[in-house]
**Q** 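Below are the structure tokens for one structure; questions will follow.
Naming: A, B, ... by sequence-line order, numbering from 1 per chain.
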Amino acid sequence: MLSDGDRAAIGLTLQLAAATTALLLIIGTPLAWWLSVTRSRIRPLVAAAVALPLVLPPTVLGFYLLVLLGPAGAIGRLTQAIGLGTLPFTFGGLVVGSTLYSLPFVVQPLQNAFEAAGRAPLEVAATLGAGPWDRFFTVAVPLARPGFVVATVLGFAHTIGEFGVVLMIGGNIPGRTRVLSVALYDHVEALELADAHVLAAGMILFSFVALLALQSLRGAPRTL
Amino acid sequence: MKRRVALGWVGALFLLASSASAGEVQVAVAANFAGPMQRIAADFAKDTGHHVQVSVGATGKLYAQVQNGAPFEVFLSADEITPARLEGEKLAVAGTRFTYAQGKLVLWSARPGFVDPAGAVLRQGTFAHLAIANPKIAPYGAAAVEAIAALGLTGALEPKIVQGESVGQAAEFVATGNAELGFVALSQIAPPDGSLTRIAGSYWIVPARLYAPIRQDAVLLQKGASNPAAHALVDYLKGPKAKAIIRSYGYDLVEPQAPAFAPGAPRW
């Protein structure tokens with residue numbers, strides 16, 4: 001039912017979503033934590049910047065990435081200087097683009113979870129002699145576990161569904177940057193509608209199952 | 001409130017009345033012809049009062065859109081097969097096909113001196129990315145693949161190929177320097193006054209023997225069959241003003257002849 005090319009696209013998409021989600025959790029956790037505790041005056045600026053990909057068309061992101069990551073761009077010059085070459089048309093470039101694109105989908109659930117847990121448990125832990133790192137890893141993170149689940153599912157699913165950024169910086173290379181959404185677009189444009197149906201229906205099924213799982217996780221009675 | 005509605009009706013009537021004399025025509029244009037079409041549309045508007053709405057994309061993409069009911073009235077393809085197929089499928093008006101330009105494939109780099117006048121750079125492999133248009137849907141992409149094969153470089157170059165969804169995106173990859181070089185249409189890099197010496201970067205005009213001629217046909221689509229502005233545009237494209245613009249972008253003009261292709265299977 002699936003061609004080799006489509007199978008490669010699915011594998012690549014899953015790898016991209018996994019790498020992006022992992023990177024987002026690493027970057028997003030401290031960022032969300034900072035947003036949830038800080039009283040800094042730049043907090044609204046940072047929160048707004050994190051939320052930007054929610055409202056921007058992916059083409060804006062794609063365009064600036066192409067310019068900035070390219071050989072004449074600021075980041076492109078840096079990556080060339082440290083021997084990485086330029087990022088457009090590479091898997092690494094897609095990870096960078098996807099990370100920016102999916103950032104709010106990971107940071108916001110985490111931030112909400114940290115805020116919902118409140119300061120009290122942390123203050124109790126502090127009075128019991130727990131240091132800041134100890135408090136973060138043994139109190140704050142476990143309390144925010146539902147937030148981590150939501151962030152992981154949303155970050156992963158949103159990256160699977162990414163299209164515009166990849167189309168602009170990917171270069172449609174089989175096995176390297178031709179992800180599922182682009183492969184589907186190709187099929188539609190070439191009027192290979194049977195192939196398009198298989199991929200499109202598969203993506204609907206996947207997304208629905210992911211969101212259904214999320215709903216049942218959210219709906220389960222909290223045991224915290 | 002009532003007055004506003006009334007004003008709205010007056011406005012609508014006015015628009016209807018004015019559209020009777022100054023018409024509008026929706027045109028689907030292959031990406032390589034986007035530049036010349038813009039200038040032709042401006043002249044056409046000046047000369048006839050008709051307004052042209054241009055949609056640019058890869059030929060195959062536009063074909064799929066026409067098949068799915070897109071409101072285009074005139075189609076300027078980058079090949080001769082697609083208009084013939086549309087005619088065969090009764091989506092285009094029979095007998096209105098004509099060749100408006102013959103395109104030239106070039107290997108282009110935004111960097112001066114990077115592409116040598118004989119195209120030997122392709123064999124040296126001193127680059128990471130070679131941009132082409134998606135050969136499945138873009139005739140210039142198909143021509144690029146053909147030329148690469150004719151040079152015997154398919155195996156060597158395949159891992160370096162990045163695809164734009166149209167020849168427009170392929171050119172953009174090269175223009176931003178993200179791909180060191182790429183196969184695009186001469187019309188995309190030629191300054192409109194035809195002075196090839198002023199092309200930015202470096203280029204090699206791919207010899208015509210390396211790929212099948214890119215004869216670009218236009219056709220009146222069914223949706224434009226009863227629109228005088230669409231007919232006027234088709235005529236205008238055959239006229240001296242349009243021809244001068246087309247030639248200035250580096251296209252060859254071919255004498256009108258009976259269409260060579262019968263409707264058939266896609267061959268992108």
**Q** I need the B/Thr176 OG1 to A/Leu68 CG distance, nearest 0.5 Å.
**A** 11.5 Å

**Q** Could you pull out the closest heavy-atom pair between B/Ala64 and A/Glu189, with the gap in Å?
**A**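 So the two residues come closest at CB-O, 3.9 Å.
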
**Q** Just wondering, more than 12 heavy atoms not from B/Phe127 lying within 6.0 Å of its CZ?
**A**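 Enclosed.
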
**Q** Is it true that a side-chain atom of B/Gln169 and a backbone atom of A/Leu167 form a donor plus acceptor pair closer than 3.5 Å?
**A** yes

**Q** Above 12 or not: heavy atoms from other molecules or residues under 6.0 Å from CD of B/Gln102?
**A** yes

**Q** Shortest non-hydrogen contact from B/Phe173 to A/Met168?
**A**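 Closest heavy-atom pair between B/Phe173 and A/Met168: CE2-O, 3.4 Å.
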
**Q** In terms of heavy-atom proximity below 4.5 Å to chain A, should B/Ala170 be classed as side chain, backbone, both, or neither?
**A**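 Neither; nothing under 4.5 Å.
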
**Q** With a 4.5 angstrom heavy-atom cut-off, is it the side chain or the backbone of B/Glu172 that approaches chain A, or both, or neither?
**A** side chain

**Q** Does any backbone or side-chain atom of B/Gln67 lie under 4.5 Å from a heavy atom of chain A? Answer side chain, backbone, both or neither.
**A** side chain

**Q** Considering non-hydrogen atoms only, spot the tightest contact between B/Gly177 and A/Pro71 and give its length.
**A**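 That would be O-CG, 2.9 Å.
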
**Q** Between B/Asn178 (side chain only) and A/Leu66 (backbone N and O only), is there a donor and an acceptor less than 3.5 Å apart?
**A** yes

**Q** Please say which of A/Val182, A/Asn172, A/Ile173 ends up in a side-chain contact (heavy atoms from CB on, under 4.5 Å) with B/Gln163.
**A** A/Asn172

**Q** Does a side chain donor of either A/Tyr185 or B/Glu165 reach within less than 3.5 Å of an acceptor in the other side chain?
**A**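 A pair is found: one side chain offers a donor N or O, the other an acceptor, under 3.5 Å apart.
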
